[in-house]
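So the structure is just underneath, and the comments pick up after that.
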Amino acid sequence: MRAPFLVLMLLSAPALALDQGQIRSACYTDCEKETGSNPDYKACLARAADTADALLNQEFSALQDAVKAAAAEMEVRPESQLDMLKDAQRKWVGFRDDTCNFEDSLAFGATATGGYLSSCICALSYERINDFDRIRHSILGR
């Protein structure tokens, strides 16, 4: 019952930076512990990936807001920085998807196909959330 609680906690609060152990738990081991069949396991991983992706979108918006607020304090326009952020995020999503498709291909068509994809999307999305958290707090002071 741990994963549903984690999902509700994560969606109801601002995204929290997760350490590698927490990411491994949220994106891999929680579903292993909570499911008894391969289809249930893969469905659980897909939900975990969807949760991480939704949190990533929230954090992307929060970072955009932080950039706008920092620019307003400095009385400058943030369009250039926001354009760079959007471009970097588009490239990062391409990187994530290519990386995760590669990882999924390592199932070589076996029953794990799809599960590796979801786990990877989940893990890399949380790592990107950590990047955004670092930028907001360490660079922008928000």
Side-chain angles (χ1 to χ4, degrees), residues 1-73 76-142:
M1 210 54 177
R2 187 170 163 213
F5 172 73
L6 181 63
V7 168
L8 287 175
M9 180 185 75
L10 291 172
L11 287 175
S12 63
L16 305 169
L18 300 180
D19 67 31
Q20 288 301 311
Q22 292 167 316
I23 291 171
R24 195 174 309 107
S25 181
C27 301
Y28 298 95
T29 57
D30 286 353
C31 288
E32 287 176 358
K33 293 175 187 174
E34 294 175 13
T35 59
S37 70
N38 193 41
D40 290 342
Y41 176 65
K42 287 167 56 170
C44 180
L45 292 174
R47 287 189 301 274
D50 289 345
T51 297
D53 194 54
L55 290 169
L56 177 60
N57 289 332
Q58 287 177 358
E59 286 300 298
F60 181 71
S61 292
L63 181 54
Q64 289 176 310
D65 291 343
V67 168
K68 291 173 189 173
E73 286 175 7
V76 296
R77 297 179 61 86
E79 283 77 15
S80 177
Q81 289 76 16
L82 292 171
D83 287 345
M84 286 189 283
L85 174 60
K86 290 173 188 173
D87 185 54
Q89 186 64 3
R90 273 191 295 277
K91 289 175 182 174
W92 180 86
V93 168
F95 161 80
R96 180 196 67 183
D97 292 349
D98 288 348
T99 299
C100 294
N101 282 317
F102 162 70
E103 286 188 23
D104 199 49
S105 78
L106 295 175
F108 297 101
T111 59
T113 299
Y116 291 162
L117 178 69
S118 294
S119 292
C120 178
I121 288 171
C122 179
L124 291 184
S125 294
Y126 280 118
E127 289 175 9
R128 187 65 168 166
I129 289 167
N130 289 347
D131 290 341
F132 290 165
D133 183 69
R134 176 188 54 80
I135 293 166
R136 267 197 355 266
H137 291 97
S138 298
I139 297 174
L140 296 174
R142 309 228 173 264

Could you work out, with salt bridge (Lys or Arg N to Asp or Glu O under 4.0 Å) as the rule, every residue matching Arg134, not counting sequence neighbours?
none

Restricting to pairs with a member in residues 108-128, which pass salt bridge (Lys or Arg N to Asp or Glu O under 4.0 Å), not counting sequence neighbours?
Arg128-Asp131

How long is the straight-line distance from SG of Cys44 back to CG of Asp30, given to the nearest 0.5 Å?
7.5 Å

Taking every non-hydrogen atom, the tightest pair across Ser118 and Ala49:
O-CB, 3.4 Å

Would you list the atom pairs, donor with acceptor, under 3.5 Å between side chains in residues 92-99 and any protein atom, with sequence neighbours excluded?
residue	atom	partner	partner atom	Å
Arg96	NH1	Asp53	OD1	3.1
Arg96	NH1	Ser125	OG	3.0
Thr99	OG1	Phe95	O	2.8

Would you name the heavy atoms of Ala48 and Cys122 that are closest together and state the gap between them?
O-SG, 3.7 Å

For Ser138, check side chain to side chain donor-acceptor pair (under 3.5 Å) against everything at least two apart and list the hits.
none

Of Ile129, Ile135, Asn130, the one forming a side-chain contact (heavy atoms from CB on, under 4.5 Å) with Glu59 is Ile129

With sequence neighbours left out, what residues match Arg24 under side chain to side chain donor-acceptor pair (under 3.5 Å)?
none

Nearest 0.5 Å, please: how far is NZ in Lys86 from CE in Met84?
12.5 Å

Suppose the criterion is side chain to side chain donor-acceptor pair (under 3.5 Å): which pairs have a residue in residues 100-116, not counting sequence neighbours?
none

Closest non-hydrogen atom pair between Ile121 and Cys100, with its separation
N-SG, 3.3 Å

Distance from Ser119 atom OG to Leu124 atom CG, nearest 0.5 Å?
10.5 Å

Here the gap from Leu45 atom CG to Asp50 atom CG, rounded to the nearest 0.5 Å, amounts to 11.0 Å

Can you tell me if Gln22 uses its side chain to pair, donor with acceptor, with the backbone of Asp19 under 3.5 Å?
yes

When you measure from the side chain of Thr51 to the backbone of Arg47, do you find a donor-acceptor pair of N or O atoms at a distance under 3.5 Å?
yes

Shortest non-hydrogen separation from Cys27 to Ala123 and the atoms involved
SG-N, 3.3 Å

Do Phe132 and Gln89 have side chains that get closer than 4.5 Å, going by heavy atoms?
yes

dist Asp65:CG -> Arg136:CZ (nearest 0.5 Å) comes out at 9.5 Å

How close do Pro78 and Val67 get, heavy atom to heavy atom, and via which atoms?
CB-CG1, 4.0 Å

